[in-house]
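In what follows, a single structure is set out as structure tokens and then discussed.
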Amino acid sequence: MPSILPVLFAFAGTAGLMTAAALFVPKGPQQVTIRTALMLTLASCYLMWMVTYMAQLNPLIGMWFKDA
Amino acid sequence: MGDEYPSLLRSEEMSLVQLFVPTEVAHDTVAELGELGNVQFKDLNPSVNPFQRSFVGEIRRIDEMGRRVRFFSTQIEKEKDVVPIRPLYDSAPLITSGPRAAQTVDELDTTLAEHEQRLTKMNDSYQTLSERTKELIEARHVLRETAVFFDKAQGHHEDIRSSFDDTVTPLLQDDREGGYAPAGVQFDLEFVAGTIERSRMSTFERVLWRVLRGNLYMNHIDIAEPFVDPVTGVETRKNVFIIFAHGDALLAKIRKVAESMGATLYPIDPNADKRSESLREVSNRLEDLQTVLYNTGLNRRAELIKIGESLRSWQDVVKKEKMIYETLNLFNYDVRRKTLIAEGWVPTRDITNIQLALRSATEGSGTSVPPILHELRTSKTPPTFHRTNKFTEGFQTIMDSYGISAYQEINPGLFAVVTFPFLFAVMFGDIGHGVIIFVAALYMIMVERKWAKADLGEILGQFFFGRYIILLMGLFSMYTGLMYNDIFSKSLHLWQSGWTFPDANGTVVGVATDHRYPFGLDPAWHGAENGLVFTNSYKMKMSIVLGVIHMTFALCLQVPNHFKFKRYSDLYSNFIPQFIFLQSIFGYLVVCILYKWSIDWSKATTQPPSLLNMLISMFLSPGSVEPSLQLYRGQGTVQVILLGMAGVCVPWLLILKPYLAWKEMNKTQGQHYMGIGHGDDTGDDVPQLTPGISLEEEEEGNGLLQTEDDEHEHHDFSEVIIHQVIHTIEFCLGCISHTASYLRLWALSLAHAQLSEVLWTMTIEGFLGPTSVFGWIELLVMVGFWFAATVFILCIMEGLSAFLHALRLHWVEANSKHFEGGGHAFAPLSFASQEGKD
């Protein structure tokens, strides 16, 4: 029975990485840019993965092929 | 209060500064500030005609020098293969600041004038010589061809003599005949010889025939080589003609007709010896002329090469000097103290740099009085300045194309660094295509130093400007390609699939196992009959989810703006109702999508309901949900509450802000009446509170500003209401239309995937598994065609399309939730920005 746990684990992982990015990007003229870019990248990649995973979690339609 | 480092989140803090510049050091100061590129000067003489400004004379001189430099440039253009131009970074610099500056510029002026004089003289003589050469060549042709005619005509002379005797003897009583040697050694009918354009030849003959009533003998021959006009380069073809006729009157007529038809006449001697002598003479003169022409050409080339050595540095100097004097014209000249007063905007962070520059300018020019910089307080809106580097420049530019951010408002360009390539990639998702554009961008970045100096042309220049954008687009496309499991329309089987296929005859049906494909779309879907049904549903729902989240994020960007501009009331009169409205309808939809996906419907009691119908019936029949179509227990109640919340938000958004503005207006109106009589409030001009302080000094900051606000309150209230009505309607309708607009993420990725698949099936697929050599050749050709179509159609065309749509999503759907705009860009005096242009 495929579970929803991977989604939650990945969420926790992404949140952790985002926090790390928020705290540990070194100070400098590009700090804000790098920090924002990293956090947004992590968030958007997680979102897309989550949607793709959840869409296939409980398939609503079966899969069929024509005679090969 | 300055931060340690600049950030792209908001515009930099700008200050209005005033510079007091002693006249001696003015030129050098502006030169230093221009090199620094940090000051935007204000025009302090707006009412002065450009011809009456102080530095008009210098500008005129620089313009004259500029004209000469342009002349040289065009002359070299015509011979650009032979004359090299030394590029700017290679040329010796001309120092135009410091104590010797005026001398350098004077010398430059003289040098340019001399060069121009020499060059024009050489050009003129070259042209004259070319024309002479042309004439001489024609004369030579005429001499050569007429020799043939004379020989031919020799044989005809008897016939003509007899005809004269028969019919026209009475008319030939004049002494013309007597002048001829009878039955002579030499045939001596008079003639006219010359050249004429080939196209006019037949007309010429006909006209002559009619005019002279046939009393002429004409012969003509083509000149083989065409003549090239040295100035225009146009080719003309000419013929040599010779006309024999008898009598002065006839000859005069012939000459007149020839001249009117544009023929050139040449004097030819009937004597053969004299003719050959003339031929020799002409040939000699021609040779001499051609030598002189060649030498002149060589000299001209040498002169141009010398000019080419320094041309770029001259152009640079002329440009800089012109900019410096135009800027100096903006300053205010204080005659008494012999200083120039300048005003300008600078980023507060850079004030120390500017002071250093001022000091170095003073040292350079050798005077002891440095320019003084002093900050002003003002209520004017400063220009917006986002400090970008070569990476963020592209992203900031594409967001600025929608509108320059207001001063100190949240900059959408910062977030676009990731959201733009990401949304692009959702529409472009293909690992192979992502790799192609990533590699292309990587190449451009590796040669960026060289390409930055070269002239790339418009199209390639645009791609080069956005190379970092394309790099990120490629990177994210590889990720989304992995999610869609699409590489050049094929799927990757990186992990174990979640579907098995038990043996069956007829239709093959997949059975879901306990395992789910962990990363991306299951490769089993590739090639399934109903694969598109699943993919479409997945992509459409993903578009809605991503869209609502993007819009919510953009909406929340309002909050820092409200805090920064101290509009705390906007938080609960604008932001909160907007947020609740968006979330109660579309946030709810997203939650339902995710919830529906997380339920195992094979074990549920009801059938999975259609979410779209659910949303529609939420509005059409609120509160009642059919039990068989229920998504969860208690759905009816929840939906009614949500609908109610959304319904409350509309009047909340509409009314609260104008109400607060009205209350504010009443309060100040009360205070207003308590002041010393300012006259009635029928909208008079702003009264002068203190005589003697003119409006120009409002920058100094005094109490004049307070009264202005009060006067404006009347006019503003109706504007506030109208603005709020428009804002409410726009937001509420926009929520629905923008959410649907995000479906373009699905549409474009579907189109891309289908195009990619069609390209594969129509090209390579039919030629796989070649058996013969011919088959291999066919396969190779097909691969080449497939690759070309992939690059041009799928990468470039689809890429541009997805770029445009991703940009639209940022400009319309996202910016409308928080962006205010209306700022003006910071445009500093900068020599560097001019160097790229020619």
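All heavy atoms count here, side chains included; hydrogens, waters and symmetry mates do not. Residue numbers begin at 1 in each chain, while the letters A, B, ... track the order of the sequences.
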By residue number, those in residues 420-430 of chain B with heavy atoms under 4.5 Å from heavy atoms of chain A are B:F422, B:V426

Highest number of heavy-atom pairs under 4.5 Å with chain A among B:V511, B:L8, B:N530 belongs to B:N530

| said: Can you confirm whether B:E529 is buried at CD, in the sense that more than 12 heavy atoms of other residues, nucleotides or ligands lie under 6.0 Å from that atom? | reply: yes

In this structure, CH2 of B:W597 is separated from CD1 of A:I4 (nearest 0.5 Å) by 11.0 Å

Across all chains, not counting sequence neighbours, the side-chain hydrogen bond (donor to acceptor under 3.5 Å, both in side chains) partners of A:T52 are B:Y538

message = Are the side chains of A:S44 and B:V418 in contact, using a 4.5 Å heavy-atom criterion?
response = yes

**Prompt:** What do you reckon, is OH of B:Y632 surrounded by more than 12 foreign heavy atoms closer than 6.0 Å?
**Reply:** yes

Practice item. Could you tell me whether the side chain of A:L60 reaches within less than 4.5 Å of the side chain of B:K596, counting heavy atoms only? Key: yes

TODO: Side-chain contact test, heavy atoms from C-beta onward, threshold under 4.5 Å: evaluate it for B:L594 versus A:M50 and give yes or no.
DONE: yes

Checked A:P59, A:P6, A:G28 vs chain B; the most non-hydrogen pairs under 4.5 Å come from A:G28

| message | Using modelled atom types and a 3.5 Å cut-off, is there a donor and acceptor pairing between side-chain atoms of B:R516 and backbone atoms of A:Y53? | response | no

For this session: Check whether any side-chain heavy atom of B:W499 sits under 4.5 Å from a side-chain heavy atom of A:Q56, and report yes or no.
Result: no

**Prompt:** Donor-acceptor pair, B:D600 side chain versus A:N58 backbone, under 3.5 Å?
**Reply:** no

Max heavy-atom pairs within cutoff under 4.5 Å with chain A, candidates B:L482, B:L414, B:V417, goes to B:L414

Honestly, the part of A:L40 sitting under 4.5 Å from a heavy atom of chain B is both

When the 4.5 angstrom heavy-atom criterion is applied to A:L57 and chain B, the contacting part is both

Hits for side-chain contact (heavy atoms from CB on, under 4.5 Å) against A:Q30, two or more places apart or cross-chain, chain-then-number order -> A:T33, A:I34, B:N389

Main-chain N/O of A:Q31 paired with B:Y5 side-chain donor or acceptor, under 3.5 Å:
no

The interface call for B:T392 against chain A, heavy-atom contacts under 4.5 Å, is side chain

So, the part of A:P29 with a heavy atom under 4.5 Å from chain B: the answer is both

Given B:L9, B:V545, B:L521, B:I549, the one with more heavy-atom pairs under 4.5 angstrom with chain A than any other is B:L521

| A:M63/B:D522 under side-chain contact (heavy atoms from CB on, under 4.5 Å): CA gap, chis, key distance, verdict | CA-CA 11 Å; A:M63 185 193 291; B:D522 200 305; 5.6 Å; no

If one checks every heavy atom of A:L47 against chain B at 4.5 Å, the contacting part turns out to be side chain

One option among B:T513, B:T480, B:V533 has the most heavy-atom pairs under 4.5 Å with chain A, and it is B:T480

Can you confirm whether or not the ring centre of B:F501 sits under 6.0 Å from the ring centre of A:F65? yes

The interface call for B:A528 against chain A, heavy-atom contacts under 4.5 Å, is both

Hits for salt bridge (charged side-chain N to carboxylate O under 4.0 Å, His left out) against B:R387, two or more places apart or cross-chain, chain-then-number order -> B:E12, B:D350

